[in-house]
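A short write-up of the structure that comes next.
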Amino acid sequence: MRKAMAEAEVGDDVYGEDPTVRRLEEEAAALLGFESALFVPSGMMGNQIGLRLLVPRGSELLVDARAHVVRFEQGALASIGGIQTRTLETADGWPTVEALEAAFHPPSAYGVATGGLALENTHNLAGGRVLPPERGRLLLEWARKRGIPVHLDGARLWNAAVALDLPPAALAQGFDTVMVCLSKGLAAPVGSLLVSSCERIREARRLRRELGGGMRQAGVLAAAGLVALREGMSWLAADHRRARRLAEALANLQGIEIDPTAVETNIGIFRVQLPGRNSAQELVSAFAARGVWMAALDGSSVRFVTHRDIDDRALEQAIRIVTEVVHEVTNASRGFSR
Ligand SMILES: Cc1ncc(COP(=O)(O)O)c(C=O)c1O
């Protein structure tokens, strides 16, 4: 990837003159079964542009309450896009057709009209769960029936495709806009893509510029993106296997709750119920002090992610460290209570 970056042919992409960016956009559009694609600096920018293309200002976006666009994008849908989010609590990351139907508002002179639907696949805060294709189809069918455009936050669509053994295009089909990340599991240093129709991507290019996301000799980054796109999916199955293995090891520890069978891709979330006053944050700090990096999501849950730089040896080392830390914390609090 570094070699490809060093050797990249470049031009000024703000003028559409960077051959490597163009190649990346063409390959991504073809791979996902869309007319056109736009290279953007981040997944967040791809989501924001995609949703602004679809959802009229002053209307409501139906979206799961734990979606990335709700929790981690600085309220930009509202502050920049003028889009109101109607968040739905869901069991596993995706609303039911019944919940959508109950939340739907047609345009009127009084209520806020429903302007769009956003889905996330895999779902980050649901622990990397994969949207079952049949459920996705039903949700898209509902949206079509109601005339509602649908955006897919497919930051980790590749992981869903590998987990289901389906081509990514099969999971992108039927959406109006799809965002995918080249960073994350595919391991490019930077970059995401938004795919849609030619007409929408022309407007997306303008919106990217409005957000300050027009990049000049971006071929250096696109070259890494091409390696990620062409080769990256081949190493995801190993990430998934390692995440499951880590979850199984964690499930054996007292005070840690996780269902390993729910770990479908490269993300796992476990609950911490250790004796004493050890919050998720304290546990994560103790792991980090020994070189294992995880993220506390709140006082009692922790998220881990496996990726290309964690091989089997590193994983076993992480399991050893995590086990030792949890035992030390448990023993220390036992000593304290005596
Ligand atoms: C589901 C999902 N969507 C979008 C993003 C945003 O990607 P980026 O960090 O490139 O902006 C992330 C990042 O973690 C994510 O998990």
Side-chain angles (χ1 to χ4, degrees), residues 24 28 32 37-52 54 61 63-77 79-81 83 85 87 90 92-95 116-131 136 150-163 168 171-172 175 177-195 204 207-208 211-213 215 218 221-222 224-225 228-229 232 236 239-240 243 263-269 293-297 301-308:
L24 173 68
L32 292 162
L38 180 71
F39 186 46
V40 287
S42 68
M44 174 177 161
M45 192 183 285
N47 278 336
Q48 292 298 319
I49 294 173
L51 285 163
R52 284 177 62 191
L54 301 182
L61 174 72
V63 59
D64 166 56
R66 290 178 291 169
H68 194 278
V69 296
V70 175
R71 292 286 303 276
F72 301 123
E73 301 199 359
Q74 294 292 319
L77 287 176
S79 65
I80 303 176
I83 296 167
T85 47
T87 55
T90 68
D92 53 8
W94 305 282
L117 169 66
L119 302 176
E120 189 173 309
N121 192 17
T122 65
H123 197 299
N124 183 359
L125 284 188
R129 298 299 288 261
V130 177
L131 173 62
V150 193
H151 172 75
L152 176 62
D153 177 347
R156 298 180 187 80
L157 190 71
W158 322 110
N159 298 81
V162 166
L171 305 182
F175 289 89
T177 49
V178 177
M179 185 283 288
V180 288
C181 289
L182 300 165
S183 55
K184 310 194 171 47
L186 298 196
V190 174
S192 294
L193 289 144
L194 181 71
V195 297
L207 291 176
R208 182 184 68 176
L211 294 173
M215 298 179 284
L221 300 174
L229 201 64
L236 296 184
D239 290 349
H240 298 180
V263 177
E264 298 174 345
T265 58
N266 64 331
I267 297 177
I269 295 176
W293 292 83
M294 296 190 187
L297 295 176
S301 48
V302 175
R303 170 185 176 271
F304 66 80
V305 177
T306 52
H307 55 82
R308 196 180 177 211

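Counting starts at 1 for both ligands and their atoms, in listed order. Please read these numbers as outputs of a predicted model, since none were measured by experiment. Both backbone and side-chain heavy atoms feed into the values below; hydrogens, waters and symmetry mates do not.
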Under a 4.0 angstrom heavy-atom cut-off, which atoms of ligand 1 come close to [X]?
X	result
Asn124	16 (O)
Asn47	3 (N), 4 (C)
Arg156	1 (C), 14 (O), 15 (C), 16 (O)

Out of Thr265, Asn159, Asn266, which residue meets the side chain to side chain donor-acceptor pair (under 3.5 Å) rule with His240?
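So the option named by the test is Asn159.
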Does His123 have a non-hydrogen atom less than 4.0 Å from ligand 1?
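The answer is no, since His123 has no heavy atom less than 4.0 Å from ligand 1.
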Heavy-atom contact under 4.0 Å between Lys184 and ligand 1?
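Checking ligand 1 against Lys184, which is what was asked, there is a heavy-atom contact under 4.0 Å.
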May I ask you to identify the nearest protein heavy atom to [atom], giving residue, atom name and distance to one decimal place in Å?
atom	answer
atom 15 (C) of ligand 1	His68 CD2, 3.1 Å
atom 1 (C) of ligand 1	Glu120 OE2, 3.3 Å
atom 3 (N) of ligand 1	Asp153 OD2, 2.7 Å
atom 8 (P) of ligand 1	Gly43 N, 3.4 Å

Would you mind telling me which of Val69, Leu51, Leu119, Leu117 makes a side-chain contact (heavy atoms from CB on, under 4.5 Å) with Val63?
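With Val63 as partner, side-chain contact (heavy atoms from CB on, under 4.5 Å) holds for just one option, Val69.
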Only one of Val70, Leu77, Thr87 clears side-chain contact (heavy atoms from CB on, under 4.5 Å) with Leu61; which?
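For Leu61, the side-chain contact (heavy atoms from CB on, under 4.5 Å) test succeeds with only one of Val70, Leu77, Thr87, which is Leu77.
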Between Ser42 and ligand 1, which part of the residue brings a heavy atom under 4.0 Å of the ligand: side chain, backbone, both or neither?
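The part of Ser42 near ligand 1 is both the backbone and the side chain.
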Taking non-hydrogen atoms only, is Met44 closer than 4.0 angstrom to ligand 1 via side chain, backbone, both or neither?
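Both backbone and side chain.
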Short N or O distance, Ser183 and ligand 1, threshold 3.5 Å exclusive
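No, since none of the N or O atoms of Ser183 sits under 3.5 Å from an N or O of ligand 1.
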Working to the nearest 0.5 Å, report the span between CG of Leu236 and CH2 of Trp158.
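Separation between the atoms: 10.0 Å.
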State the CG-CZ distance between Asn121 and Arg156, to the nearest 0.5 angstrom.
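Here the rounded value is 11.0 Å.
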Quick one, Val180 with Val195, criterion side-chain contact (heavy atoms from CB on, under 4.5 Å). Give me CA distance, side-chain angles, the key distance, then yes/no.
CA-CA 8 Å; Val180 288; Val195 297; 5.6 Å; no
Any side-chain heavy atom of Arg129 within less than 4.5 Å of one from Asp92?
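Arg129 does not reach Asp92 side chain to side chain.
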Do Asp64 and His123 meet the criterion of a side-chain donor-acceptor pair at a distance under 3.5 Å?
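His123 and Asp64 do have a side-chain donor-acceptor pair below 3.5 Å.
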